[in-house]
Amino acid sequence: MSFPLLTVTAAVPAVGAVLTAAVPAARRTAAKWLALLFSLATLALAVLVAVRFEPGGARYQLTESHAWIADFGVRYELGVDGIGVALIALTALLIPFVIAAGWNDADPLETQSTRWRPTQGFFALILLVEAMVIISFEATDVFLFYIFFEAMLIPMYFLIGGFGDRAHTGSDENAAAQRSYAAVKFLLYNLVGGLIMLAAVIGLYVVAGNFSLQEIAAARAAGTLDMTTNTERLLFLGFFFAFAVKAPLWPLHTWLPNAMGESTAPVAVLITAVVDKVGTFAMLRFCLGLFPDASKWATPVILVLALISIVYGALVAVGQRDIKRLVAYASISHFGFIIMGIFAMTSQGQSGATLYMVNHGLSTAALMLVAGFLISRRGSRLIADYGGVQKVAPVLAGTFLIGGLATLSLPGLAPFVSEFLVLVGTFARYPVIGIIATIGIVLAALYTLVLYQRTMTGPVTEEVRPMKDLRLREVLVVAPLIALLIALGVYPKPLTEIVNPAVEYTMSDVHQKDPKPEVAVEAKNGEAAK
């Protein structure tokens, strides 16, 4: 039996979560270092997964398959394609930065008993989320995927509700109520989506007789899968609804601004840069892979919803007064681009969407973590409470600017490549949608530059004057993210080489080929006429 690398990659952070939670209450610093150590070990394993993956090889590699619940056709099946490898690497990369950025966020207050262990619980929950997200990217059994797709809601609920942002403008009671509201809203929205998906999972088993993604695909290719058109469409809608909530897609997005606004900055990064990517990833792997005809049938409506997300999210971001809620609405706009690229049904669009998942994770992490450092210094999330920060904290202001420029997809930074591919891929098949979507680019420049202008430039306010610049730990958190944004913006080939073969498989699942450019077709016809 070959070494179960995928299982170990998901198991290491889970073991780390248990051990971190077991650290005695008085050993908070030891718990932090232990969590960081396990996150770095997971990163090393994710790098090994990427090294052992062969981009030109089989679709699913490093596979594992074991009997689990044989009576119901449930198996423990794991495997990764290029898209899964890229997202596992993103997850494993971001978690050490999340832990380092939140180093002091969960330390108990002076009024709390020393017997409390909030620090241990905070870092244990982060590692637990990491384990569940990684195995979700690896699962090729639909039921196995569903279990962890739903289970990750529990630790996220406690991270949002139990470890909220301490920079709250209201009273402690009001802050606790807002955190509770955000956590419950997050849980209810995603649970409803999950329950609808569960019905679809059961329906899929009734039709296919098993939950194996590869076996169902093989049966479809052989013509032995007895699934009527209406059945396929209903099952598709059940899966897509759950993924659209997680993504989130308009109008199922309203939980995200509350959750990000009331969370600590590292947890906000965990939500939008890691957990939400499971939704868009699942659209590619399960919606398009299991229900290709239904995916094409639903494409026009989904593209319109994605377009609304792009424009609506950007417009609302322009009017925000809260820094973290602004980043949340900007993320809703970016997820609209990702979903639009997936359902454009072109190789450029889907490659761009996958790159966008990775690049959005990096850019949002950089911007949100620097914003968190800024908020912790001033004690306020309101944009109006800042001004002139670049004069007293130039390194903080500079890194904030680069993170913002990456968010608006400035050429030379990683998100530009992915956004460009999404727009090109969409325009090739749906030119009107592609043209209207460019409004999101203009609005992104507006909300990003206005945010920077109002917080970083102008006269220095009295509250900002004593503000300290980034500490060494904070620089070590942000600098690698900025370096990656620049490196992947200039040279994205390492990512595209891994992702493109997986996109080709997805295009073959939905029986789509890239449309030929009309100019080339007309030129060819003209030569033939001559």
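Residue numbers count from 1 along this sequence.
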**Message:** Using 0.5 Å steps for rounding, measure from the CG atom of Leu125 to the CZ atom of Phe163.
**Reply:**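 Atom-to-atom, Leu125:CG and Phe163:CZ are 6.0 Å apart.
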
**Message:** Rounded at 0.5 Å granularity, tell me how far CG in Leu362 sits from CG in Leu93.
**Reply:**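 Here the interatomic distance stands at 6.5 Å.
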
Could you tell me if [Y] and [X] have a donor-acceptor pair between their side chains, going purely by distance under 3.5 Å?
X: Gln390; Y: Tyr452; answer: yes
X: Thr7; Y: Glu64; answer: yes
X: Tyr189; Y: Thr254; answer: yes

**Prompt:** Would Leu374 and Met467 count as a side-chain contact (heavy atoms from CB on, under 4.5 Å) if you check the C-alpha gap in whole Å, the side-chain angles of each, and the deciding distance to 0.1 Å?
**Reply:** CA-CA 9 Å; Leu374 176 69; Met467 185 177 292; 3.8 Å; yes

**Prompt:** Does Glu474 pair with Lys468 as a salt bridge, N-O distance under 4.0 Å?
**Reply:**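 Between Lys468 and Glu474 there is no salt bridge, as every charged N stays at least 4.0 Å from the carboxylate O atoms.
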
**Item:** Side-chain ion pair, Arg381 and Glu262, N-O less than 4.0 Å
**Value:**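 The answer is yes: the pair qualifies as a salt bridge.
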
**Asked** Looking at Phe137 and Ile88, what are the two nearest heavy atoms and their distance?
**Response**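 Heavy atoms of Phe137 and Ile88 come nearest at CB-CG1, 3.7 Å.
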
**Request:** For Leu443 and Val318, work out which heavy atoms get closest and say how close.
**Result:**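 Looking at all heavy atoms of both residues, the closest pair is O-CG2, 4.1 Å.
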
**Prompt:** Residues in salt bridge (Lys or Arg N to Asp or Glu O under 4.0 Å) with Lys493, at least two apart?
**Reply:**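 So Lys493 forms a salt bridge (Lys or Arg N to Asp or Glu O under 4.0 Å) with Glu497.
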
**Request:** Step through the shown structure and confirm whether more than 12 heavy atoms of other residues, nucleotides or ligands are within 6.0 Å of CZ on Arg454.
**Result:**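 Not buried by this count: 12 neighbours or fewer within 6.0 Å.
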
**Prompt:** Is atom CZ of Arg27 surrounded by more than 12 heavy atoms (other residues, nucleotides or ligands) closer than 6.0 Å?
**Reply:**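 No, not enclosed.
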
**Message:** Please determine whether side-chain contact (heavy atoms from CB on, under 4.5 Å) holds for the pair Thr364 and Ser331, giving the CA-CA distance in whole Å, both sets of side-chain angles, and the decisive distance to 0.1 Å.
**Reply:** CA-CA 8 Å; Thr364 299; Ser331 292; 4.1 Å; yes

**Asked** So Ser136 and Met152, side-chain contact (heavy atoms from CB on, under 4.5 Å) or not? Walk me through it.
**Response** CA-CA 10 Å; Ser136 296; Met152 70 179 70; 3.4 Å; yes

**Asked** Looking at Phe186, Tyr157, Tyr181, which one forms a ring pair (Phe, Tyr, Trp, His ring centres under 6.0 Å) with Trp255?
**Response**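 Filter result, single survivor: Phe186.
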
Side chains of [X] and [Y]: closer than 4.5 Å at any heavy-atom pair?
X: Phe122; Y: Thr264; answer: yes
X: Val275; Y: Leu153; answer: no
X: Thr140; Y: Leu78; answer: no

